[in-house]
There are 4 protein chains.
Amino acid sequence: MQREYRPLGRPRHDKQAKPTKAMILDVATQLFLEQGYQVVSMDDVAKKCGVTKATVYYYYATKADLFTDAMIQMMIRIRKRIDEILSAGKPLKERLLEIAKAHLEATINIDLNAFMKEPQNFLSDEQLQQIKETEEKMYEVLEQALKDAMEKGEISQGSSRLGAHAFVAMLTIGNYKDAGGQPIFPSLDEMAEQIVNFYWNGLGN
Amino acid sequence: MQREYRPLGRPRHDKQAKPTKAMILDVATQLFLEQGYQVVSMDDVAKKCGVTKATVYYYYATKADLFTDAMIQMMIRIRKRIDEILSAGKPLKERLLEIAKAHLEATINIDLNAFMKEPQNFLSDEQLQQIKETEEKMYEVLEQALKDAMEKGEISQGSSRLGAHAFVAMLTIGNYKDAGGQPIFPSLDEMAEQIVNFYWNGLGN
Amino acid sequence: MQREYRPLGRPRHDKQAKPTKAMILDVATQLFLEQGYQVVSMDDVAKKCGVTKATVYYYYATKADLFTDAMIQMMIRIRKRIDEILSAGKPLKERLLEIAKAHLEATINIDLNAFMKEPQNFLSDEQLQQIKETEEKMYEVLEQALKDAMEKGEISQGSSRLGAHAFVAMLTIGNYKDAGGQPIFPSLDEMAEQIVNFYWNGLGN
Amino acid sequence: MQREYRPLGRPRHDKQAKPTKAMILDVATQLFLEQGYQVVSMDDVAKKCGVTKATVYYYYATKADLFTDAMIQMMIRIRKRIDEILSAGKPLKERLLEIAKAHLEATINIDLNAFMKEPQNFLSDEQLQQIKETEEKMYEVLEQALKDAMEKGEISQGSSRLGAHAFVAMLTIGNYKDAGGQPIFPSLDEMAEQIVNFYWNGLGN
DNA sequence: CATGAATGAGAATTCATTCAT
DNA sequence: GATGAATGAATTCTCATTCAT
């Protein structure tokens, strides 16, 4: 769409923007998250990068490879972000609130379970495994923070694993839009606060 | 391909067991839930029904129509089930536990948000709207139950809407499998109990 | 190229020419023999048939399937032709001459060994097997004729199997063109006669 | 990927063992003969040589050029081999037997006619011509030997040209494998002997 | 001498959909 | 009510070739 004139052969080195491979990965991540594995075609990715399909294949041998790499990089980024926030010395609840805000802003669909349902048939076992492992690590940083808080008596004992998953699951509420297109709370900040509050207090007070 | 095992005596006219249209809808629902919109082809549905693609088109003008109908029927069924359980006279927590058990058993991917991400581009606004409305109603029965419990003082005041969504969101934890393929709790019953407990008590007890 | 206007859907039944599937098979056989497996694309076949690629795929699920069927039908036809000629009551040499003439006219590349080298990687073992079996049968009719002639004392004892293969191998000489584009003998009839003579008498007379 | 086993001491400068161009040609010849023109990609050649595609293009401007060169070198090698064997002072039949053995061992598909069918469309007229001329010369050495033998009365008069082609054609029988994967004669030596015998005596003794 | 990065033109295959029967 | 035959538009992936370094 943008750069119209794309000559054959190696392009003159332009110290310019990101190297092609990184650009492809970024664009792909975004598209996959927005639309899902099947819907996004390699051509879509290529066009949005201003390169040809063949260039995408130059870097990623298959669509499944591209997807796998995209998911892994994304989850690593998320984990780092969470880790950063969690390592601050504040009370747990405050740190959770920050994570919630950060994620709701990122509009990232963390509903990974459902998200991975369809690609499942197209990824190799090894690819699936790699993704799963990275996902696991993402949960682990949260889990560890909960464990630490339990030890310090900041929260009561319980399954830190369940706690981590519950937190992530509840964040998906932020994606919900009703029939009128309205989210449950009008502002992201309020959404984050309400979710974390509910998560903290539970239904039964 | 042929029916293998024919019982003795005159078959009860068979009446085709289920009229073709209903069979198509059932099969489609199952396939869509299992594999996602894109992955399931009209031919897949047809073959699993033992009819031809053209027959499917005889009943459903487009794939989007079939999907829409399938989703709506499914959500109506779910709503009825929830409604049934909720109308019993037991304490709320017990009723929620029953719903949780029922849903975890049904293996239904209720991660509707993520699930609907890819079809979004293929459904008409009207279709999307219809689905959304049915979904909304599904949440409403839960919401109503929470409101009633608040009024009775069974639980403290709060956003019943958030409560309904949080409950459904937390049920998706049941779908999670770790890198080793293991769910968070080994049995569905334990899973349901732990989820409902967490939902009820919150992290901070 | 020919029929320009090709409406969607099932075409109005025209008791016309050959049914589509047969046409596809015929055209494919011709193209494969002329140009080889790789070179011929499904689109080439489709275009030459005046249908779309999708139509070809309607009848043959893969290119390998089409090729397999084409080869088998061709070899069956050849076998029948040979069989017919061989069952006449004439002296063996005369019958061989007739076969030679018929084949040189058909311009068929009977160099099956070389011809099958490249498809080999693309055909399934089963397909390869099927083709091989049909080929085998083609040789067998020749072999049987040689055996009969040996019994009658028309020719001396020897390996009928080798004799059959030698005959077919020698027919490929007819395909040869020198650097100037000239075949070894100017007319097909002379070619056939010379080949059969050589086959019959050997080099050492 | 790395060289695994490095012997002690200074390597004998290695001189790259074979200059790159020769290596490319060798590898290409082998691959083309094994798999055919279309099937072998420039990348296959490059990879098997441990260089990049661009390097192959550094030496050969097009795939057709590489193929042409490969075929020509191969036919020159074959001609030399045949020539060597033929120039010995033994009886013709013995020399032919040696050629047969040598070729059956080389597993070379000399079915050149069929083999050249597909590249035909991709080679320039000039390239085709070059190949044809080299092929012609290959046949000529055989032809000359037959002519000499006719003059000496070792064999009877006849078309030496046909004789040469018949001999080469019959050697292809050695490539045949039946449906069970078995060649016509179990050992190469027996194969060579039987073929030469048949070639010498003909069918009708 | 050799390579890394990129392209353009196909190739096989899939699939929702259409239409005459 | 159901089907068989056909299409058109995409989709994944391949490959010979080009060109700056």
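Chain letters run A, B, ... following the sequence lines, proteins first and then strands; every chain starts at 1.
Side chains of Q129(B) and E133(B): a donor on one and an acceptor on the other come within 3.5 Å. Checked by atom type, the side-chain pair Q30(D)/D26(D) shows no donor-acceptor distance below 3.5 Å.
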Which nucleotides of DNA chain F pair, in dot-bracket form (Watson-Crick or G-U under 3.5 Å, | meaning another strand): .||||||||||||||||||||
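At the phosphate of dC15(E), neither OP1 nor OP2 sits under 4.0 Å from any side-chain N or O atom of Y58(C). Proximity of Y60(C) to the phosphate of dT13(E): no side-chain N or O atom is located under 4.0 Å from OP1 or OP2. Regarding contacts with the backbone of dA5(E), every side-chain N or O of T20(A) stays at 4.0 angstrom or more from both OP1 and OP2.
DNA chain E is contacted by V40(B), S41(B), M42(B), K53(B), Y57(B) of residues 38-57 of chain B, taking any non-hydrogen atom closer than 4.0 Å.
In this structure, CZ of F122(C) is placed 11 Å from P of dT13(E), rounded to the nearest angstrom. Going from atom CG of L123(B) over to atom C1' of dA16(E) covers 14 Å, rounded to whole Å. Across the protein-nucleic acid pair, N121(D) atom CG and dG10(E) atom P stand 15 Å apart, rounded to whole Å.
Of all heavy-atom pairs between K53(B) and A46(B), the closest is N-CB, 3.6 Å.
Note that the CG atom of D65(B) and the CG atom of L123(B) stand 9.0 Å from one another [nearest 0.5 Å].
Mapped onto DNA chain F by nearest heavy atom, A64(D) and K63(A) fall at different nucleotides, with K63(A) at the one closer to the 5' end. Heavy-atom distances to DNA chain E give each of K21(A) and Y37(C) a nearest nucleotide, and the one nearer the 5′ end belongs to K21(A).
Electrostatic pairing of K48(D) and D44(D) does not count as a salt bridge here, judged by no charged N lying under 4.0 Å from a carboxylate O.
Checking dT13(E), dA5(E), dA6(F) against the side-chain heavy atoms of T62(C) singles out dT13(E) as nearest.
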